Amino acid sequence: MENRKVYFDKHTNLLQLEEHMYPLVDVDTPNVFRNLFHYDEIPKIAFNDRIVPHSMPDEIWITDTTFRDGQQSRAPYSTEQIVTLYDYFHKLGGPNGKIRQSEFFLYSKKDRDAVYKCLERGYEFPEVTSWIRASKKDFELVKDIGMKETGILVSCSDYHIFYKLKMTRRECMNHYLSVIRECLEKGISPRCHLEDITRSDIYGFVIPFCLELMKLMEEYKIPVKIRVCDTMGYGVNYPGAVIPRSIPGIIYGLRVHAGVPSELIEFHGHNDFYKAVSNSTTAWLYGACGVNCSLFGIGERTGNTPLEAMVFEYAQLRGTLDGMDTTVITDLAEYYEKEIGYRVPSRTPFVGRNFNVTRAGIHADGLLKNEEIYNVFDTDKFLKRPPLVAVSNTSGLAGIAHWINTYFRLPEGKQVDKNTELVTMVKAWVDKEYEEGRVTVLTDDELLAVIDDACRQLGIELTGEK
Ligand SMILES: CC(C)C(=O)C(=O)O
């Protein structure tokens with residue numbers, strides 16, 4: 001009886017023995033959940049109305065995959081760029097380590113150089129962790145570098161087990177367990193990436209497998225992490241939705257039926273159905289301590305959960321930033337644009353060029369009277385990005401003056417107003433554009449060119465904090 005865990009099942013009101021409840025179901029043919037996923041139909045969301053209780057852990061955090069999933073989907077970063085980004089993550093996450101870990105490839109010399117350089121920084125957070133091929137050689141590498149933990153791929157849906165690995169569930173589970181045992185033998189903590197969990201048989205494969213993993217953790221006294229990978233973005237957060245698509249249901253099953261502690265559960269989302277952010281927040285709410293994110297959501301296909309979004313989700317859930325420095329998000333966006341040559345799409349929340357730009361005349365009027373009316377929060381304080389009013393035919397002299405003052409961040413005393421000659425000159429150009437039939441708003445670049453020209457004619461310079 002020693003190794004068997006007994007737990008109280010709230011659904012049945014009975015004490016249950018775990019391994020008797022959830023033996024591996026070794027099916028002959030793959031269960032691909034055709035009722036939900038018919039490839040030539042749009043996937044379906046089904047409901048059984050079983051409601052899972054919230055269980056947000058006392059401490060929650062963010063982990064980062066910018067250099068792993070993020071880098072998989074774009075041109076590789078240079079070593080110097082990785083180190084700079086890592087410095088920024090350290091500052092953004094703050095002294096409480098809200099960006100707890102960042103994962104790195106170890107495949108090439110270049111990958112390893114970046115790891116050595118980041119380790120040399122000596123930061124406690126984000127902890128540098130790895131992603132490797134599950135082989136003896138790679139385990140040794142992890143150990144030699146001095147890392148405590150590594151990610152290992154343990155794909156768990158029958159799509160992967162039968163079609164990709166060409167194994168049975170039993171063969172696959174035995175294979176994974178032997179690899180993880182090898183990792184533990186080396187004294188390294190495995191982070192098990194349960195790829196494609198939202199198309200997997202949760203109680204026929206995932207829970208029996210995680211029960212075995214928890215036994216290995218007990219045997220080796222080394223933490224075994226479970227990363228819940230919503231690889232194709234099928235996860236949903238709706239109360240009463242059925243597993244395997246229900247994120248609350250998956251997290252509940254792992255915690256209650258497989259006995260995985262919250263601090264060892266991490267959610268990794270993809271944005272194929274626009275749900276990466278809400279699914280990640282849901283994972284926190286239902287008992288995962290960690291959400292794994294990539295900066296600006298850059299990742300495979302539609303991308304991962306954007307890291308910056310979860311910083312603001314954190315603050316909204318907890319009522320505090322717990323030491324995170326959100327202004328670094330703007331520094332990161334500028335660094336990407338200037339040094340990496342990537343401009344975040346302009347309407348992207350918190351970072352896009354236009355995320356707090358008001359264009360409609362009627363909104364602009366409200367914003368000019370009181371910025372709280374049309375700005376989500378004090379974006380100048382938290383992101384060094386005061387709200388802007390785009391200039392159009394309805395802007396008037398005051399709107400143009402506001403645009404110049406905010407765009408150039410002109411300090412009081414140096415600000416222009418509706419009587420300034422520069423503003424009159426720009427207004428004359430704007431009016432002419434619309435008289436000639438223009439129907440669209442003016443772009444920043446167009447305005448900058450006109451302002452530049454007018455300043456030259458007037459022999460003045462706009463000196464702001466930019
Ligand atoms: C490769 C796996 C682990 C992954 O990143 C995912 O499932 O999204």
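Counting convention: from 1, in listed order, for ligands and their atoms alike. Small disclaimer: the values here were computed from a predicted structure and weren't measured.
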Reference residue Lys215; test salt bridge (charged side-chain N to carboxylate O under 4.0 Å, His left out); the match among Glu212, Glu219, Glu218: Glu212
Reference residue Glu266; test salt bridge (charged side-chain N to carboxylate O under 4.0 Å, His left out); the match among Lys225, Arg100, Arg227: Arg227
More than 12 heavy atoms from other groups under 6.0 Å of CG on Asp58: no
Aromatic ring proximity Tyr86/Phe67, centre distance under 6.0 Å: no
Polar atom proximity, Asp196 to ligand 1 (N or O, under 3.5 Å): no
Thr231 N/O under 3.5 Å from ligand 1 N/O: yes
Salt bridge Lys166-Glu171, side-chain N to carboxylate O under 4.0 Å: no
Residue and atom name of the nearest protein heavy atom (relative to atom 2 (C) of ligand 1), distance in Å to one decimal: Leu153 CD1, 4.0 Å
Nearest neighbour in protein (non-hydrogen) for atom 4 (C) of ligand 1: His268 NE2, 3.8 Å
Location of contacts on Arg68 toward ligand 1, heavy atoms closer than 4.0 Å: side chain
Sub-4.0 Å heavy-atom contact, Gln72 with ligand 1: no
Under 4.0 Å from any heavy atom of [X], which atoms of ligand 1 are there?
X	result
Cys229	3 (C), 6 (C), 7 (O)
His270	8 (O)
Asp69	5 (O), 8 (O)

Parallel, tilted or perpendicular: rings of Trp284 and Tyr314 (30°, 60°): perpendicular
Test item: side-chain donor near acceptor, Gln81 and Tyr335, under 3.5 Å: no
